[in-house]
Engineer: 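Sharing a structure here in C-alpha coordinates format.
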Amino acid sequence: MQKLSRKFFDRCAVEVAKDLLGKVLVVGDCSGRINEVEAYKGSEDPASHAYLGITERNKPMFGKSGHFYVYFTYGMYHCLNIVTEIDKSPSAVLIRSIIPLSGIDIMQKRRGKDNNLTNGPGKLCIALDINKKKHNNLDICKNNDCYIYDDGFLPKHIKSSSRIGIKKGLEQKWRFFYDE
DNA sequence: TGAATGATCACG
DNA sequence: GTGATCATTCAT
(Lines give C-alpha, C1' and ligand atoms only; values in the text may rest on other atoms or scores of the structure.)
Protein backbone atom coordinates (compact mmCIF):
# COMPACT_ATOMS: atom_id res chain seq x y z
CA MET A 1 0.00 0.00 0.00
CA GLN A 2 1.83 3.05 -1.26
CA LYS A 3 0.38 6.36 -0.08
CA LEU A 4 0.73 8.99 -2.81
CA SER A 5 3.22 11.73 -1.92
CA ARG A 6 3.57 15.39 -2.84
CA LYS A 7 5.87 14.38 -5.67
CA PHE A 8 3.02 12.49 -7.36
CA PHE A 9 0.74 15.54 -7.36
CA ASP A 10 3.49 18.00 -8.26
CA ARG A 11 3.09 17.46 -12.00
CA CYS A 12 0.92 18.61 -14.90
CA ALA A 13 -2.78 18.18 -14.01
CA VAL A 14 -3.44 16.13 -17.14
CA GLU A 15 -0.72 13.63 -16.23
CA VAL A 16 -1.85 13.44 -12.61
CA ALA A 17 -5.45 12.95 -13.75
CA LYS A 18 -4.56 9.93 -15.89
CA ASP A 19 -2.37 8.45 -13.15
CA LEU A 20 -5.09 8.85 -10.52
CA LEU A 21 -7.30 6.35 -12.38
CA GLY A 22 -7.28 3.07 -10.46
CA LYS A 23 -5.93 4.61 -7.24
CA VAL A 24 -7.86 4.33 -3.98
CA LEU A 25 -9.34 7.40 -2.30
CA VAL A 26 -9.73 7.14 1.48
CA VAL A 27 -11.92 9.54 3.47
CA GLY A 28 -12.46 8.49 7.06
CA ASP A 29 -14.08 5.06 7.27
CA CYS A 30 -14.88 4.92 3.56
CA SER A 31 -12.84 4.28 0.45
CA GLY A 32 -13.29 3.75 -3.27
CA ARG A 33 -11.32 3.25 -6.45
CA ILE A 34 -11.11 6.33 -8.69
CA ASN A 35 -12.54 5.56 -12.15
CA GLU A 36 -13.37 8.96 -13.65
CA VAL A 37 -11.51 12.28 -13.40
CA GLU A 38 -11.14 15.63 -15.18
CA ALA A 39 -8.12 17.93 -15.38
CA TYR A 40 -8.50 21.70 -15.00
CA LYS A 41 -5.58 23.98 -15.69
CA GLY A 42 -5.21 27.64 -14.82
CA SER A 43 -4.55 30.60 -17.09
CA GLU A 44 -4.64 28.49 -20.26
CA ASP A 45 -7.98 26.80 -19.51
CA PRO A 46 -11.17 28.91 -19.79
CA ALA A 47 -13.18 26.17 -18.04
CA SER A 48 -11.08 26.35 -14.89
CA HIS A 49 -12.22 28.18 -11.77
CA ALA A 50 -8.70 29.63 -11.69
CA TYR A 51 -8.83 31.08 -15.22
CA LEU A 52 -9.66 34.64 -14.13
CA GLY A 53 -7.27 34.69 -11.19
CA ILE A 54 -7.36 34.07 -7.47
CA THR A 55 -10.58 34.53 -5.48
CA GLU A 56 -11.77 33.44 -2.05
CA ARG A 57 -13.27 30.25 -3.50
CA ASN A 58 -10.41 29.02 -5.69
CA LYS A 59 -7.61 29.97 -3.29
CA PRO A 60 -6.59 26.31 -2.65
CA MET A 61 -5.82 25.88 -6.38
CA PHE A 62 -3.12 28.53 -6.04
CA GLY A 63 -1.52 26.77 -3.10
CA LYS A 64 0.65 23.69 -2.68
CA SER A 65 -0.22 20.53 -4.60
CA GLY A 66 -1.57 17.48 -2.80
CA HIS A 67 -4.39 19.41 -1.11
CA PHE A 68 -8.16 18.98 -1.46
CA TYR A 69 -10.07 21.77 -3.23
CA VAL A 70 -13.74 21.45 -2.28
CA TYR A 71 -16.39 23.80 -3.64
CA PHE A 72 -20.18 24.12 -3.31
CA THR A 73 -22.23 24.34 -6.51
CA TYR A 74 -25.81 24.47 -7.82
CA GLY A 75 -26.92 25.38 -4.31
CA MET A 76 -26.86 21.70 -3.28
CA TYR A 77 -23.70 19.82 -4.07
CA HIS A 78 -20.05 19.72 -3.20
CA CYS A 79 -17.31 18.71 -5.66
CA LEU A 80 -13.91 17.27 -4.77
CA ASN A 81 -10.65 18.20 -6.49
CA ILE A 82 -6.99 17.45 -5.88
CA VAL A 83 -4.62 20.40 -6.37
CA THR A 84 -1.72 19.65 -8.70
CA GLU A 85 1.40 21.22 -10.18
CA ILE A 86 4.14 23.23 -8.62
CA ASP A 87 3.68 26.15 -6.26
CA LYS A 88 1.44 28.84 -7.73
CA SER A 89 0.35 27.16 -10.97
CA PRO A 90 -3.40 26.96 -10.30
CA SER A 91 -4.44 23.51 -11.53
CA ALA A 92 -6.53 20.67 -10.12
CA VAL A 93 -8.09 17.30 -10.88
CA LEU A 94 -11.84 16.86 -10.33
CA ILE A 95 -12.77 13.44 -8.96
CA ARG A 96 -15.96 12.57 -10.87
CA SER A 97 -16.53 8.95 -9.88
CA ILE A 98 -15.23 6.18 -7.63
CA ILE A 99 -16.09 2.49 -7.18
CA PRO A 100 -16.99 1.85 -3.51
CA LEU A 101 -14.54 -0.46 -1.70
CA SER A 102 -15.06 -0.08 2.05
CA GLY A 103 -17.55 1.58 4.36
CA ILE A 104 -20.28 0.78 1.85
CA ASP A 105 -22.97 0.47 4.53
CA ILE A 106 -22.15 3.97 5.78
CA MET A 107 -22.22 5.40 2.25
CA GLN A 108 -25.54 3.64 1.59
CA LYS A 109 -27.02 5.32 4.64
CA ARG A 110 -25.81 8.78 3.61
CA ARG A 111 -27.03 8.42 0.01
CA GLY A 112 -30.42 6.92 0.75
CA LYS A 113 -32.30 4.74 -1.70
CA ASP A 114 -30.20 5.13 -4.87
CA ASN A 115 -27.97 2.14 -5.69
CA ASN A 116 -25.46 4.33 -7.50
CA LEU A 117 -23.52 5.48 -4.45
CA THR A 118 -20.55 7.35 -5.90
CA ASN A 119 -20.84 7.62 -9.71
CA GLY A 120 -20.87 11.43 -9.90
CA PRO A 121 -18.95 14.33 -8.36
CA GLY A 122 -21.88 15.49 -6.20
CA LYS A 123 -22.88 11.97 -5.22
CA LEU A 124 -19.46 10.87 -4.04
CA CYS A 125 -19.17 13.92 -1.80
CA ILE A 126 -22.47 12.97 -0.16
CA ALA A 127 -21.37 9.33 0.23
CA LEU A 128 -17.99 10.31 1.71
CA ASP A 129 -19.51 13.19 3.72
CA ILE A 130 -17.13 15.66 2.11
CA ASN A 131 -17.86 19.33 2.74
CA LYS A 132 -16.05 22.61 2.42
CA LYS A 133 -15.72 23.28 6.14
CA LYS A 134 -14.09 19.95 6.99
CA HIS A 135 -12.11 19.16 3.84
CA ASN A 136 -11.30 22.26 1.79
CA ASN A 137 -7.55 22.86 1.53
CA LEU A 138 -6.78 19.70 3.53
CA ASP A 139 -3.25 18.37 2.95
CA ILE A 140 -3.78 14.76 1.87
CA CYS A 141 -0.05 14.03 1.93
CA LYS A 142 0.06 14.58 5.68
CA ASN A 143 -3.33 13.38 6.86
CA ASN A 144 -4.13 10.01 8.41
CA ASP A 145 -7.87 10.07 7.67
CA CYS A 146 -7.87 11.43 4.12
CA TYR A 147 -5.38 10.28 1.51
CA ILE A 148 -4.95 8.37 -1.77
CA TYR A 149 -2.99 5.16 -2.12
CA ASP A 150 -1.75 2.83 -4.86
CA ASP A 151 -2.63 -0.85 -4.36
CA GLY A 152 -1.10 -1.92 -7.66
CA PHE A 153 -4.33 -1.92 -9.66
CA LEU A 154 -3.88 -0.79 -13.27
CA PRO A 155 -6.84 0.09 -15.52
CA LYS A 156 -6.73 -1.87 -18.80
CA HIS A 157 -7.90 0.77 -21.26
CA ILE A 158 -7.98 4.45 -20.37
CA LYS A 159 -10.35 6.53 -22.48
CA SER A 160 -10.72 10.30 -22.79
CA SER A 161 -13.37 12.78 -23.87
CA SER A 162 -14.44 16.40 -23.47
CA ARG A 163 -15.25 17.43 -19.94
CA ILE A 164 -18.82 17.29 -18.62
CA GLY A 165 -21.09 20.19 -17.66
CA ILE A 166 -19.00 23.05 -19.02
CA LYS A 167 -19.50 25.45 -21.94
CA LYS A 168 -15.90 26.54 -22.54
CA GLY A 169 -12.75 24.54 -23.12
CA LEU A 170 -14.62 21.69 -24.81
CA GLU A 171 -11.81 21.21 -27.34
CA GLN A 172 -9.53 19.78 -24.65
CA LYS A 173 -10.17 16.08 -24.07
CA TRP A 174 -9.31 16.22 -20.39
CA ARG A 175 -11.90 13.82 -19.00
CA PHE A 176 -10.36 10.41 -18.34
CA PHE A 177 -12.08 7.18 -17.38
CA TYR A 178 -12.01 3.42 -17.79
CA ASP A 179 -14.62 0.65 -17.89
CA GLU A 180 -12.61 -2.22 -16.45
C1' DT B 1 -36.34 18.58 -20.30
C1' DG B 2 -36.60 21.31 -16.44
C1' DA B 3 -36.86 22.18 -11.35
C1' DA B 4 -34.33 22.50 -7.11
C1' DT B 5 -31.45 25.89 -4.52
C1' DG B 6 -27.87 29.15 -2.79
C1' DA B 7 -22.87 30.38 -2.97
C1' DT B 8 -19.99 32.94 -5.90
C1' DC B 9 -18.55 36.34 -9.25
C1' DA B 10 -18.31 40.70 -11.92
C1' DC B 11 -19.96 45.09 -11.90
C1' DG B 12 -20.36 49.46 -10.07
C1' DG C 1 -26.09 45.49 -3.20
C1' DT C 2 -27.77 42.99 -7.69
C1' DG C 3 -28.47 39.69 -11.32
C1' DA C 4 -26.51 35.92 -13.87
C1' DT C 5 -24.21 31.86 -13.61
C1' DC C 6 -23.13 27.27 -12.18
C1' DA C 7 -16.99 21.43 -12.98
C1' DT C 8 -25.03 18.51 -10.59
C1' DT C 9 -28.73 15.48 -9.67
C1' DC C 10 -33.25 13.65 -9.91
C1' DA C 11 -37.97 13.27 -11.38
C1' DT C 12 -40.95 14.05 -15.33
Side-chain angles (χ1 to χ4, degrees), chain A residues 9 11-21 23 25 27 30 32-63 65-85 88-100 104 106-138 140 146 148 158-178:
Chain A
F9 300 107
R11 297 177 292 142
C12 168
V14 174
E15 296 308 309
V16 175
K18 282 188 270 193
D19 289 346
L20 276 175
L21 291 174
K23 304 296 189 289
L25 170 68
V27 177
C30 303
R33 192 178 305 285
I34 298 167
N35 68 335
E36 184 183 346
V37 297
E38 286 176 357
Y40 286 89
K41 306 196 80 172
S43 48
E44 57 192 286
D45 179 7
S48 171
H49 285 173
Y51 185 58
L52 295 176
I54 190 167
T55 66
E56 189 57 36
R57 175 178 66 163
N58 64 25
K59 207 184 285 179
M61 289 183 75
F62 288 79
S65 60
H67 285 60
F68 278 162
Y69 164 45
V70 179
Y71 65 89
F72 188 65
T73 191
Y74 291 106
M76 298 183 211
Y77 301 106
H78 289 277
C79 289
L80 173 68
N81 295 253
I82 317 294
V83 177
T84 68
E85 292 193 9
K88 291 184 168 57
S89 180
S91 302
V93 176
L94 171 70
I95 309 297
R96 288 195 59 86
S97 175
I98 64 175
I99 299 164
I104 296 176
I106 301 172
M107 294 195 269
Q108 199 97 245
K109 217 163 204 169
R110 289 175 182 150
R111 285 275 298 125
K113 193 169 176 272
D114 193 347
N115 288 348
N116 298 311
L117 260 34
T118 54
N119 64 340
K123 297 186 200 178
L124 72 89
C125 283
I126 295 171
L128 297 174
D129 195 25
I130 289 170
N131 61 69
K132 197 166 173 167
K133 192 169 184 183
K134 278 189 350 204
H135 299 99
N136 193 30
N137 210 24
L138 191 74
I140 61 167
C146 302
I148 299 175
I158 292 177
K159 302 177 187 177
S160 68
S161 78
S162 293
R163 292 167 291 178
I164 308 290
I166 56 173
K167 296 195 179 91
K168 298 172 186 168
L170 289 169
E171 59 279 9
Q172 283 95 344
K173 305 288 190 261
W174 286 346
R175 168 178 176 246
F176 302 101
F177 58 102
Y178 64 92

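Side chains are part of it too, since the values below use all heavy atoms of this structure and drop only hydrogens, waters and symmetry mates. Numbers restart at 1 for each chain; the letters A, B, ... are given by sequence-line order, proteins then strands. This is a predicted model, so every value here is computed, not measured.
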Engineer: Check side chain to side chain contact (heavy atoms under 4.5 Å, CB included) between Ser43(A) and all other residues, then give those that pass, not counting sequence neighbours.
Structural biologist: none

Engineer: Could you list the residues that satisfy salt bridge (Lys or Arg N to Asp or Glu O under 4.0 Å) with Lys159(A), not counting sequence neighbours?
Structural biologist: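 With sequence neighbours excluded, Lys159(A) shows a salt bridge (Lys or Arg N to Asp or Glu O under 4.0 Å) to Asp179(A), given in chain and number order.
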
Engineer: Taking side chain to side chain contact (heavy atoms under 4.5 Å, CB included) as the test, write out the residues that go with Ala17(A), two or more places apart.
Structural biologist: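 Counting only residues at least two positions away or on another chain, Ala17(A) forms a side chain to side chain contact (heavy atoms under 4.5 Å, CB included) with Val37(A), Ala39(A), Val93(A), Phe176(A).
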
Engineer: How would you list, by chain and number, every residue that makes a side chain to side chain contact (heavy atoms under 4.5 Å, CB included) with Lys59(A), sequence neighbours excluded?
Structural biologist: Ile54(A), Glu56(A)

Engineer: With sequence neighbours excluded, what pairs up with Lys123(A) under the salt bridge (Lys or Arg N to Asp or Glu O under 4.0 Å) test?
Structural biologist: none

Engineer: Do Phe177(A) and Ser97(A) touch side chain to side chain, with heavy atoms closer than 4.5 Å?
Structural biologist: no

Engineer: Once each nucleotide of nucleotides 4-12 of chain C is scored for protein heavy atoms under 4.0 Å, what B/S/- sequence comes out, 5' to 3'?
Structural biologist: --BBBSS--

Engineer: Using the test salt bridge (Lys or Arg N to Asp or Glu O under 4.0 Å), find all partners of Arg110(A) that sit at least two apart in sequence or belong to another chain.
Structural biologist: none

Engineer: Report the residues that fulfil salt bridge (Lys or Arg N to Asp or Glu O under 4.0 Å) with Arg163(A), sequence neighbours left out, ordered by chain and then residue number.
Structural biologist: Asp45(A)

Engineer: Anything under 4.0 Å to a heavy atom of chain A counts; send over the first and last such nucleotide of DNA chain B, read 5' to 3'.
Structural biologist: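 Under 4.0 Å from chain A, the extent on DNA chain B is dA4(B) to dA10(B).
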
Engineer: According to side chain to side chain contact (heavy atoms under 4.5 Å, CB included), who are the partners of Asn136(A), at least two apart in sequence or on a separate chain?
Structural biologist: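 Asn136(A) satisfies side chain to side chain contact (heavy atoms under 4.5 Å, CB included) with Pro60(A), Tyr69(A), Val70(A), Lys132(A) once adjacent residues are dropped.
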
Engineer: If the condition is ring pair (Phe, Tyr, Trp, His ring centres under 6.0 Å), which residues does Tyr51(A) pass it with, not counting sequence neighbours?
Structural biologist: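 Tyr51(A) satisfies ring pair (Phe, Tyr, Trp, His ring centres under 6.0 Å) with no other residue.
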
Engineer: How does DNA chain B read in dot-bracket, base by base from 5' to 3', with Watson-Crick or G-U pairs under 3.5 Å and | used when the partner is on another strand?
Structural biologist: ||||.||||||.

